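Accompanying notes for the structure given below.
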Protein chains: 2
Amino acid sequence: MPDDDRAAAPPARPRRADARRNYDRIVAAATAAIAEHGAEASLEEIARRAGVGSATLHRHFPSRQRLLEAVFSGKVEALCARARELAADHDPGPALVAWLRAVATHVAANRGLATSLLQGAHDGAVGEGCHAMIVDAGQELLDGARRAGAVRDGVAIVDLLTLVNAICLATEHEPDGAAQAERLLDLVLDGVRPSST
Amino acid sequence: MPDDDRAAAPPARPRRADARRNYDRIVAAATAAIAEHGAEASLEEIARRAGVGSATLHRHFPSRQRLLEAVFSGKVEALCARARELAADHDPGPALVAWLRAVATHVAANRGLATSLLQGAHDGAVGEGCHAMIVDAGQELLDGARRAGAVRDGVAIVDLLTLVNAICLATEHEPDGAAQAERLLDLVLDGVRPSST
DNA sequence: AGGCAAACGGGGCGGCCCTCCATATCGTAC
DNA sequence: GTACGATATGGAGGGCCGCCCCGTTTGCCT
(Lines give C-alpha, C1' and ligand atoms only; values in the text may rest on other atoms or scores of the structure.)
Protein backbone atom coordinates (compact mmCIF):
# COMPACT_ATOMS: atom_id res chain seq x y z
CA MET A 1 0.00 0.00 0.00
CA PRO A 2 1.83 3.10 -1.24
CA ASP A 3 -0.69 5.53 0.20
CA ASP A 4 0.48 6.09 3.73
CA ASP A 5 -0.96 9.44 4.79
CA ARG A 6 -4.07 9.36 6.91
CA ALA A 7 -6.61 12.12 6.61
CA ALA A 8 -6.65 13.51 10.12
CA ALA A 9 -3.02 13.74 11.27
CA PRO A 10 0.04 15.44 9.76
CA PRO A 11 1.96 12.28 9.10
CA ALA A 12 4.69 12.09 6.49
CA ARG A 13 4.91 14.99 4.08
CA PRO A 14 4.61 18.56 5.35
CA ARG A 15 1.90 20.56 3.69
CA ARG A 16 1.90 24.20 2.95
CA ALA A 17 0.74 26.51 5.73
CA ASP A 18 -2.30 27.89 3.93
CA ALA A 19 -3.43 24.40 3.02
CA ARG A 20 -3.35 23.38 6.64
CA ARG A 21 -5.21 26.52 7.61
CA ASN A 22 -7.96 25.92 5.09
CA TYR A 23 -8.19 22.31 6.16
CA ASP A 24 -8.89 23.39 9.72
CA ARG A 25 -11.38 26.00 8.62
CA ILE A 26 -13.27 23.46 6.59
CA VAL A 27 -13.43 21.01 9.45
CA ALA A 28 -14.69 23.74 11.76
CA ALA A 29 -17.34 24.82 9.28
CA ALA A 30 -18.35 21.24 8.66
CA THR A 31 -18.68 20.59 12.38
CA ALA A 32 -21.05 23.51 12.70
CA ALA A 33 -23.02 22.64 9.60
CA ILE A 34 -23.40 19.01 10.59
CA ALA A 35 -24.57 19.97 14.05
CA GLU A 36 -27.24 22.08 12.40
CA HIS A 37 -28.35 20.06 9.42
CA GLY A 38 -27.06 16.56 10.08
CA ALA A 39 -24.62 14.54 8.06
CA GLU A 40 -26.33 15.45 4.80
CA ALA A 41 -25.37 19.09 5.08
CA SER A 42 -24.56 20.75 1.79
CA LEU A 43 -20.89 20.59 0.92
CA GLU A 44 -21.11 23.85 -0.93
CA GLU A 45 -22.51 25.60 2.09
CA ILE A 46 -19.70 24.21 4.20
CA ALA A 47 -17.19 25.56 1.73
CA ARG A 48 -18.98 28.89 1.73
CA ARG A 49 -18.92 29.10 5.52
CA ALA A 50 -15.28 28.16 5.58
CA GLY A 51 -14.55 30.91 3.09
CA VAL A 52 -13.03 28.59 0.53
CA GLY A 53 -14.00 27.48 -2.93
CA SER A 54 -15.81 24.23 -3.43
CA ALA A 55 -12.83 22.87 -5.31
CA THR A 56 -10.64 23.34 -2.26
CA LEU A 57 -13.03 21.42 -0.09
CA HIS A 58 -13.05 18.64 -2.61
CA ARG A 59 -9.31 18.48 -2.84
CA HIS A 60 -8.93 18.11 0.90
CA PHE A 61 -11.80 15.65 1.23
CA PRO A 62 -12.40 13.61 -1.89
CA SER A 63 -15.54 12.12 -0.42
CA ARG A 64 -18.16 13.13 2.09
CA GLN A 65 -17.12 10.22 4.25
CA ARG A 66 -13.60 11.60 4.56
CA LEU A 67 -14.96 14.86 5.82
CA LEU A 68 -17.25 13.17 8.31
CA GLU A 69 -14.36 11.11 9.53
CA ALA A 70 -12.29 14.20 10.13
CA VAL A 71 -15.15 15.86 11.96
CA PHE A 72 -15.95 12.89 14.14
CA SER A 73 -12.48 11.56 14.85
CA GLY A 74 -12.11 13.77 17.91
CA LYS A 75 -15.32 12.50 19.39
CA VAL A 76 -14.34 8.94 18.67
CA GLU A 77 -11.09 9.35 20.52
CA ALA A 78 -12.97 10.80 23.45
CA LEU A 79 -15.15 7.72 23.52
CA CYS A 80 -12.16 5.43 23.50
CA ALA A 81 -10.61 7.37 26.34
CA ARG A 82 -13.84 7.05 28.26
CA ALA A 83 -13.70 3.29 27.74
CA ARG A 84 -10.31 3.13 29.39
CA GLU A 85 -11.50 5.30 32.28
CA LEU A 86 -14.51 3.11 32.88
CA ALA A 87 -12.46 -0.04 32.70
CA ALA A 88 -10.19 1.32 35.39
CA ASP A 89 -12.80 2.76 37.73
CA HIS A 90 -15.70 0.31 37.69
CA ASP A 91 -16.62 -3.32 37.77
CA PRO A 92 -16.56 -4.90 34.32
CA GLY A 93 -20.31 -5.34 33.93
CA PRO A 94 -21.36 -1.82 34.88
CA ALA A 95 -18.41 -0.43 32.99
CA LEU A 96 -19.62 -1.96 29.75
CA VAL A 97 -23.15 -0.76 30.33
CA ALA A 98 -22.03 2.74 31.19
CA TRP A 99 -19.86 2.87 28.13
CA LEU A 100 -22.62 1.76 25.82
CA ARG A 101 -24.76 4.50 27.30
CA ALA A 102 -21.98 6.98 26.65
CA VAL A 103 -21.77 5.79 23.07
CA ALA A 104 -25.49 6.28 22.73
CA THR A 105 -25.23 9.80 24.11
CA HIS A 106 -22.46 10.73 21.72
CA VAL A 107 -24.21 9.24 18.75
CA ALA A 108 -27.44 10.98 19.63
CA ALA A 109 -25.62 14.28 20.05
CA ASN A 110 -23.94 14.06 16.66
CA ARG A 111 -26.50 13.54 13.95
CA GLY A 112 -25.22 11.14 11.42
CA LEU A 113 -22.36 9.77 13.44
CA ALA A 114 -24.12 6.43 13.69
CA THR A 115 -24.78 6.06 10.01
CA SER A 116 -21.35 7.29 9.22
CA LEU A 117 -19.66 4.78 11.47
CA LEU A 118 -21.86 1.94 10.35
CA GLN A 119 -21.51 2.47 6.65
CA GLY A 120 -17.97 3.73 6.76
CA ALA A 121 -16.65 0.49 8.15
CA HIS A 122 -16.69 -1.33 4.86
CA ASP A 123 -17.16 1.34 2.23
CA GLY A 124 -13.68 0.80 1.03
CA ALA A 125 -11.10 1.95 3.58
CA VAL A 126 -12.99 5.01 4.59
CA GLY A 127 -14.24 5.08 8.15
CA GLU A 128 -12.02 2.16 8.91
CA GLY A 129 -9.96 3.98 11.46
CA CYS A 130 -12.82 5.26 13.55
CA HIS A 131 -14.68 1.99 13.40
CA ALA A 132 -11.66 -0.04 14.41
CA MET A 133 -10.85 2.25 17.32
CA ILE A 134 -14.33 1.97 18.76
CA VAL A 135 -14.47 -1.76 18.25
CA ASP A 136 -11.13 -2.27 19.96
CA ALA A 137 -12.08 -0.12 22.90
CA GLY A 138 -15.38 -1.91 23.31
CA GLN A 139 -13.87 -5.33 22.89
CA GLU A 140 -11.79 -4.94 26.02
CA LEU A 141 -14.77 -3.86 28.06
CA LEU A 142 -16.79 -6.75 26.72
CA ASP A 143 -14.04 -9.25 27.47
CA GLY A 144 -13.87 -8.00 31.02
CA ALA A 145 -17.61 -8.15 31.44
CA ARG A 146 -17.78 -11.65 30.10
CA ARG A 147 -15.01 -12.85 32.41
CA ALA A 148 -17.01 -11.36 35.26
CA GLY A 149 -20.06 -13.29 34.13
CA ALA A 150 -22.07 -10.16 33.41
CA VAL A 151 -22.55 -10.97 29.75
CA ARG A 152 -23.60 -14.21 28.21
CA ASP A 153 -21.73 -15.96 25.44
CA GLY A 154 -22.52 -15.45 21.82
CA VAL A 155 -22.63 -11.68 22.08
CA ALA A 156 -20.09 -9.83 19.96
CA ILE A 157 -19.06 -6.25 20.52
CA VAL A 158 -20.01 -5.37 16.99
CA ASP A 159 -23.49 -6.65 17.72
CA LEU A 160 -23.79 -4.39 20.72
CA LEU A 161 -22.43 -1.38 18.91
CA THR A 162 -24.65 -2.00 15.96
CA LEU A 163 -27.64 -2.20 18.25
CA VAL A 164 -26.74 1.01 20.02
CA ASN A 165 -26.26 2.73 16.69
CA ALA A 166 -29.46 1.26 15.41
CA ILE A 167 -31.42 2.51 18.36
CA CYS A 168 -30.08 6.01 18.04
CA LEU A 169 -30.65 5.94 14.32
CA ALA A 170 -34.24 4.89 14.76
CA THR A 171 -35.06 7.33 17.53
CA GLU A 172 -33.24 10.44 16.44
CA HIS A 173 -36.18 11.60 14.36
CA GLU A 174 -38.79 10.76 16.97
CA PRO A 175 -40.41 13.50 19.01
CA ASP A 176 -39.29 12.04 22.34
CA GLY A 177 -36.32 10.20 20.93
CA ALA A 178 -34.09 10.44 23.97
CA ALA A 179 -36.58 8.77 26.28
CA GLN A 180 -37.36 6.06 23.80
CA ALA A 181 -33.69 5.40 23.16
CA GLU A 182 -33.20 5.02 26.87
CA ARG A 183 -36.02 2.50 27.11
CA LEU A 184 -34.84 0.50 24.13
CA LEU A 185 -31.31 0.40 25.39
CA ASP A 186 -32.51 -0.98 28.70
CA LEU A 187 -34.45 -3.62 26.84
CA VAL A 188 -31.44 -4.67 24.84
CA LEU A 189 -29.12 -4.74 27.81
CA ASP A 190 -31.48 -7.08 29.56
CA GLY A 191 -31.10 -9.50 26.69
CA VAL A 192 -27.37 -9.38 27.04
CA ARG A 193 -27.13 -10.52 30.62
CA PRO A 194 -26.80 -14.26 31.14
CA SER A 195 -30.18 -15.91 31.55
CA SER A 196 -30.57 -15.78 35.32
CA THR A 197 -30.35 -19.40 36.43
CA MET B 1 -60.11 18.69 9.30
CA PRO B 2 -61.49 19.60 5.89
CA ASP B 3 -59.04 17.40 4.00
CA ASP B 4 -60.67 14.03 3.97
CA ASP B 5 -59.17 12.13 1.05
CA ARG B 6 -56.41 9.67 1.80
CA ALA B 7 -53.68 9.07 -0.73
CA ALA B 8 -54.12 5.39 -1.42
CA ALA B 9 -57.85 4.78 -1.76
CA PRO B 10 -60.53 6.42 -3.93
CA PRO B 11 -62.55 7.85 -1.11
CA ALA B 12 -64.86 10.79 -1.50
CA ARG B 13 -64.51 12.64 -4.78
CA PRO B 14 -64.24 10.67 -8.03
CA ARG B 15 -61.21 11.47 -10.10
CA ARG B 16 -60.93 11.48 -13.82
CA ALA B 17 -60.09 8.19 -15.50
CA ASP B 18 -56.76 9.26 -16.96
CA ALA B 19 -55.67 10.63 -13.64
CA ARG B 20 -56.34 7.31 -12.01
CA ARG B 21 -54.52 5.51 -14.80
CA ASN B 22 -51.45 7.68 -14.45
CA TYR B 23 -51.55 7.28 -10.70
CA ASP B 24 -51.36 3.52 -11.07
CA ARG B 25 -48.60 3.75 -13.63
CA ILE B 26 -46.55 5.93 -11.37
CA VAL B 27 -46.96 3.59 -8.44
CA ALA B 28 -45.92 0.65 -10.60
CA ALA B 29 -42.88 2.48 -11.91
CA ALA B 30 -41.97 3.61 -8.43
CA THR B 31 -42.23 0.09 -7.10
CA ALA B 32 -39.81 -1.13 -9.71
CA ALA B 33 -37.44 1.79 -9.26
CA ILE B 34 -37.40 1.46 -5.49
CA ALA B 35 -36.73 -2.24 -5.72
CA GLU B 36 -33.74 -1.41 -7.86
CA HIS B 37 -32.29 1.72 -6.34
CA GLY B 38 -33.83 1.90 -2.89
CA ALA B 39 -36.04 4.59 -1.47
CA GLU B 40 -33.82 7.36 -2.83
CA ALA B 41 -34.62 6.51 -6.42
CA SER B 42 -34.83 9.50 -8.73
CA LEU B 43 -38.33 10.90 -9.01
CA GLU B 44 -37.68 12.05 -12.53
CA GLU B 45 -36.67 8.59 -13.59
CA ILE B 46 -39.83 7.20 -12.06
CA ALA B 47 -41.86 9.71 -14.03
CA ARG B 48 -39.94 8.82 -17.16
CA ARG B 49 -40.57 5.11 -16.67
CA ALA B 50 -44.22 5.74 -16.01
CA GLY B 51 -44.43 7.75 -19.22
CA VAL B 52 -45.68 10.88 -17.51
CA GLY B 53 -44.24 14.32 -16.99
CA SER B 54 -42.49 15.13 -13.76
CA ALA B 55 -45.17 17.66 -12.97
CA THR B 56 -47.80 14.95 -13.04
CA LEU B 57 -45.88 12.81 -10.63
CA HIS B 58 -45.51 15.78 -8.38
CA ARG B 59 -49.17 16.60 -8.52
CA HIS B 60 -50.21 13.11 -7.48
CA PHE B 61 -47.53 12.82 -4.81
CA PRO B 62 -46.59 16.19 -3.35
CA SER B 63 -43.78 14.60 -1.39
CA ARG B 64 -41.56 11.61 -1.70
CA GLN B 65 -43.09 10.22 1.46
CA ARG B 66 -46.52 10.13 -0.14
CA LEU B 67 -45.18 8.07 -2.99
CA LEU B 68 -43.40 5.67 -0.69
CA GLU B 69 -46.55 5.29 1.31
CA ALA B 70 -48.51 4.36 -1.79
CA VAL B 71 -45.86 1.88 -2.84
CA PHE B 72 -45.59 0.22 0.53
CA SER B 73 -49.20 0.21 1.59
CA GLY B 74 -49.80 -3.13 -0.07
CA LYS B 75 -46.97 -4.74 1.82
CA VAL B 76 -48.17 -3.20 5.02
CA GLU B 77 -51.58 -4.70 4.58
CA ALA B 78 -50.00 -8.07 3.94
CA LEU B 79 -48.18 -7.77 7.24
CA CYS B 80 -51.35 -6.94 9.08
CA ALA B 81 -53.06 -9.93 7.53
CA ARG B 82 -50.18 -12.10 8.63
CA ALA B 83 -50.62 -10.80 12.16
CA ARG B 84 -54.21 -12.00 12.19
CA GLU B 85 -53.19 -15.37 10.79
CA LEU B 86 -50.56 -15.86 13.42
CA ALA B 87 -52.88 -14.81 16.19
CA ALA B 88 -55.34 -17.46 15.08
CA ASP B 89 -52.93 -20.32 14.46
CA HIS B 90 -50.32 -20.11 17.21
CA ASP B 91 -49.79 -19.56 20.88
CA PRO B 92 -49.55 -15.89 21.76
CA GLY B 93 -45.84 -15.82 22.59
CA PRO B 94 -44.57 -17.59 19.48
CA ALA B 95 -47.08 -15.69 17.38
CA LEU B 96 -45.60 -12.37 18.41
CA VAL B 97 -42.08 -13.58 17.81
CA ALA B 98 -42.95 -15.00 14.43
CA TRP B 99 -44.65 -11.81 13.43
CA LEU B 100 -41.73 -9.65 14.43
CA ARG B 101 -39.53 -11.89 12.32
CA ALA B 102 -41.93 -11.46 9.44
CA VAL B 103 -41.77 -7.71 9.88
CA ALA B 104 -38.01 -7.89 9.80
CA THR B 105 -38.09 -9.94 6.63
CA HIS B 106 -40.40 -7.50 4.91
CA VAL B 107 -38.42 -4.51 5.98
CA ALA B 108 -35.19 -6.10 4.86
CA ALA B 109 -36.71 -6.99 1.51
CA ASN B 110 -37.93 -3.46 0.85
CA ARG B 111 -35.08 -1.04 1.10
CA GLY B 112 -36.19 2.08 2.76
CA LEU B 113 -39.41 0.75 4.17
CA ALA B 114 -38.02 0.99 7.66
CA THR B 115 -36.90 4.57 7.38
CA SER B 116 -40.07 5.46 5.64
CA LEU B 117 -42.28 4.00 8.32
CA LEU B 118 -40.23 5.43 11.12
CA GLN B 119 -40.01 8.95 9.86
CA GLY B 120 -43.40 8.98 8.24
CA ALA B 121 -45.18 8.46 11.50
CA HIS B 122 -44.92 12.04 12.64
CA ASP B 123 -43.78 14.01 9.65
CA GLY B 124 -47.07 15.73 9.54
CA ALA B 125 -49.83 13.30 8.67
CA VAL B 126 -47.85 11.48 6.07
CA GLY B 127 -47.15 7.85 6.86
CA GLU B 128 -49.76 7.96 9.54
CA GLY B 129 -51.97 5.37 7.98
CA CYS B 130 -49.30 2.71 7.47
CA HIS B 131 -47.80 3.30 10.84
CA ALA B 132 -51.12 3.08 12.63
CA MET B 133 -52.10 -0.11 10.85
CA ILE B 134 -48.90 -1.87 11.82
CA VAL B 135 -49.08 -0.64 15.37
CA ASP B 136 -52.67 -1.80 15.77
CA ALA B 137 -51.92 -5.22 14.34
CA GLY B 138 -48.92 -5.63 16.59
CA GLN B 139 -50.70 -4.35 19.64
CA GLU B 140 -53.12 -7.23 19.59
CA LEU B 141 -50.36 -9.78 19.31
CA LEU B 142 -48.49 -8.12 22.12
CA ASP B 143 -51.55 -8.02 24.35
CA GLY B 144 -52.08 -11.71 23.79
CA ALA B 145 -48.46 -12.52 24.48
CA ARG B 146 -48.48 -10.52 27.66
CA ARG B 147 -51.64 -12.19 28.91
CA ALA B 148 -49.91 -15.50 28.28
CA GLY B 149 -46.95 -14.35 30.32
CA ALA B 150 -44.55 -14.52 27.40
CA VAL B 151 -43.66 -10.85 27.54
CA ARG B 152 -42.74 -8.82 30.53
CA ASP B 153 -44.40 -5.56 31.48
CA GLY B 154 -43.09 -2.23 30.39
CA VAL B 155 -42.62 -3.26 26.78
CA ALA B 156 -44.62 -1.29 24.26
CA ILE B 157 -45.34 -2.44 20.75
CA VAL B 158 -43.84 0.69 19.33
CA ASP B 159 -40.64 -0.14 21.15
CA LEU B 160 -40.52 -3.55 19.57
CA LEU B 161 -41.31 -2.27 16.12
CA THR B 162 -38.79 0.49 16.43
CA LEU B 163 -36.17 -2.03 17.45
CA VAL B 164 -36.96 -4.30 14.55
CA ASN B 165 -36.80 -1.38 12.18
CA ALA B 166 -33.62 -0.17 13.79
CA ILE B 167 -31.95 -3.53 13.40
CA CYS B 168 -32.87 -3.79 9.76
CA LEU B 169 -31.81 -0.23 9.20
CA ALA B 170 -28.44 -0.81 10.75
CA THR B 171 -27.74 -4.10 9.04
CA GLU B 172 -29.04 -3.50 5.57
CA HIS B 173 -25.75 -2.04 4.41
CA GLU B 174 -23.61 -4.67 6.08
CA PRO B 175 -21.98 -7.40 4.05
CA ASP B 176 -23.66 -10.21 6.00
CA GLY B 177 -26.62 -8.13 7.07
CA ALA B 178 -29.19 -10.90 7.13
CA ALA B 179 -27.22 -13.08 9.53
CA GLN B 180 -26.42 -10.18 11.78
CA ALA B 181 -30.02 -9.02 11.81
CA GLU B 182 -31.04 -12.51 12.83
CA ARG B 183 -28.58 -12.52 15.71
CA LEU B 184 -29.55 -9.08 16.91
CA LEU B 185 -33.21 -9.91 16.79
CA ASP B 186 -32.64 -12.98 18.92
CA LEU B 187 -30.76 -10.84 21.37
CA VAL B 188 -33.57 -8.36 21.62
CA LEU B 189 -36.26 -10.96 21.95
CA ASP B 190 -34.41 -12.45 24.89
CA GLY B 191 -34.65 -9.14 26.62
CA VAL B 192 -38.38 -9.08 26.09
CA ARG B 193 -39.22 -12.31 27.87
CA PRO B 194 -40.01 -12.01 31.55
CA SER B 195 -36.92 -12.49 33.68
CA SER B 196 -37.10 -16.22 34.29
CA THR B 197 -37.83 -16.57 38.01
C1' DA C 1 -71.88 17.87 -29.94
C1' DG C 2 -70.15 21.43 -27.07
C1' DG C 3 -68.34 23.69 -23.11
C1' DC C 4 -65.89 23.60 -18.82
C1' DA C 5 -63.18 22.01 -15.30
C1' DA C 6 -59.64 18.69 -14.54
C1' DA C 7 -55.38 16.94 -15.81
C1' DC C 8 -51.16 17.09 -18.45
C1' DG C 9 -46.24 18.03 -19.51
C1' DG C 10 -42.54 20.93 -21.53
C1' DG C 11 -39.51 24.07 -20.06
C1' DG C 12 -37.32 27.09 -16.71
C1' DC C 13 -35.23 28.07 -12.09
C1' DG C 14 -32.28 27.12 -8.44
C1' DG C 15 -29.34 23.96 -5.88
C1' DC C 16 -26.20 20.30 -5.55
C1' DC C 17 -21.92 17.70 -6.53
C1' DC C 18 -17.91 17.57 -8.97
C1' DT C 19 -13.86 18.94 -12.37
C1' DC C 20 -10.73 21.98 -15.14
C1' DC C 21 -7.43 25.42 -15.58
C1' DA C 22 -5.65 30.12 -15.31
C1' DT C 23 -4.06 32.47 -11.34
C1' DA C 24 -2.24 33.64 -6.75
C1' DT C 25 0.53 32.20 -2.91
C1' DC C 26 4.06 29.84 -0.24
C1' DG C 27 8.67 28.21 0.65
C1' DT C 28 13.31 28.38 -0.60
C1' DA C 29 17.76 29.09 -2.72
C1' DC C 30 20.56 32.61 -3.98
C1' DG D 1 15.57 41.15 -0.87
C1' DT D 2 14.34 38.73 -4.92
C1' DA D 3 13.23 35.41 -8.17
C1' DC D 4 11.64 30.90 -9.21
C1' DG D 5 9.24 26.36 -8.99
C1' DA D 6 5.95 23.76 -6.77
C1' DT D 7 1.82 23.89 -4.38
C1' DA D 8 -2.71 25.42 -3.52
C1' DT D 9 -6.66 28.15 -4.85
C1' DG D 10 -11.43 29.28 -6.55
C1' DG D 11 -14.53 30.71 -10.16
C1' DA D 12 -16.74 28.96 -14.04
C1' DG D 13 -19.18 25.32 -16.11
C1' DG D 14 -21.36 20.58 -16.89
C1' DG D 15 -24.57 17.09 -15.50
C1' DC D 16 -28.32 15.88 -12.65
C1' DC D 17 -32.19 16.62 -9.82
C1' DG D 18 -36.40 18.36 -7.51
C1' DC D 19 -39.89 21.59 -7.94
C1' DC D 20 -43.29 24.83 -10.19
C1' DC D 21 -45.55 27.89 -13.74
C1' DC D 22 -48.67 28.07 -17.40
C1' DG D 23 -50.38 27.19 -22.12
C1' DT D 24 -52.54 23.16 -23.99
C1' DT D 25 -54.98 18.82 -24.20
C1' DT D 26 -58.36 15.54 -22.53
C1' DG D 27 -62.21 13.46 -20.25
C1' DC D 28 -66.79 14.20 -18.44
C1' DC D 29 -71.55 15.84 -18.21
C1' DT D 30 -75.37 17.85 -20.19
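No hydrogens, no waters, no symmetry mates; every other heavy atom, side chains included, goes into these values. For clarity, every value in this text was computed on a predicted model and none was experimentally measured. Each chain gets a letter, A, B and so on, in the order its sequence line appears, and its residues count up from 1.
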**Message:** Between Arg82(A) and Glu77(A) (salt bridge meaning N to carboxylate O under 4.0 Å), is one present in this structure?
**Reply:** no
**Request:** Calculate the interatomic distance between Gln65(A) atom CD and dC17(C) atom P; express it in whole Å.
**Result:** 14 Å
**Request:** Could you check how far OH of Tyr23(B) sits from C1' of dC8(C), rounded to whole Å?
**Result:** 18 Å
**Prompt:** Salt bridge check: are Asp190(A) and Arg193(A) linked by an N-O gap of less than 4.0 Å?
**Reply:** yes
**Asked** Can you find a donor-acceptor pair, distance only, under 3.5 Å between Arg16(B) side chain and dA7(C) base?
**Response** no
Listed pairs, N/O of protein and of nucleotides 18-20 of chain D, under 3.5 Å:
residue	atom	partner	partner atom	Å
dG18(D)	OP1	Leu43(B)	N	3.0
dG18(D)	OP2	Ser42(B)	OG	3.3
dG18(D)	OP2	Leu43(B)	N	3.2
dG18(D)	OP2	Glu44(B)	N	3.1
dG18(D)	N7	Glu44(B)	OE2	3.0
dC19(D)	OP2	His58(B)	NE2	3.0
dC19(D)	O5'	His58(B)	NE2	3.1

**Asked** In terms of the angle between their ring planes, are Phe61(A) and Tyr23(A) parallel, tilted or perpendicular, with boundaries placed at 30° and 60°?
**Response** tilted
**Nucleotide nearest Thr56(B) when distance is taken to its side chain, options dC28(D), dG9(C), dC17(D)** = dG9(C)
**Message:** Looking at His106(A), is its backbone amide N or carbonyl O close enough to the side chain of Asn110(A) to form a donor-acceptor pair, meaning the two atoms are under 3.5 Å apart?
**Reply:** yes
**Request:** To the nearest Å, give me how far apart CZ (Arg25(A)) and P (dT9(D)) are.
**Result:** 11 Å
**Item:** d(CG, Leu67(A); C1', dC18(C)) in whole Å
**Value:** 15 Å
**Fill in**
When rounded to whole Å, the CZ to P distance for the pair Phe61(A) and dT9(D) reads 11 Å
**Prompt:** Between dG9(C) atom P and Leu57(B) atom CG, what is the distance in whole Å?
**Reply:** 11 Å
**Side-chain (Thr31(A)) to main-chain (Val27(A)) donor-acceptor, under 3.5 angstrom** = yes
**Request:** Would you indicate what Arg21(B) reaches in the nucleic acid, counting non-hydrogen atoms under 4.0 angstrom: base, sugar-phosphate, or nothing?
**Result:** nothing
**Request:** Indicate, yes or no, whether a donor-acceptor pair under 3.5 Å links the base of dG9(C) to the side chain of Arg59(B).
**Result:** yes
**Closest non-hydrogen atom pair between Leu67(A) and Ala30(A), with its separation** = CD1-CB, 3.8 Å
**Prompt:** Rounding to a whole Å, what distance do you find between Ile46(B):CD1 and dC17(D):C1'?
**Reply:** 12 Å
**Message:** If the threshold is 4.0 Å, N to carboxylate O, is there a salt bridge linking Arg84(A) and Glu140(A)?
**Reply:** no
**Fill in**
Taken to the nearest whole Å, CG/Asn22(A) to C1'/dC26(C) is 13 Å
**Prompt:** Does a side-chain N or O from His60(B) land closer than 4.0 Å to OP1 or OP2 of dC8(C), or not?
**Reply:** yes
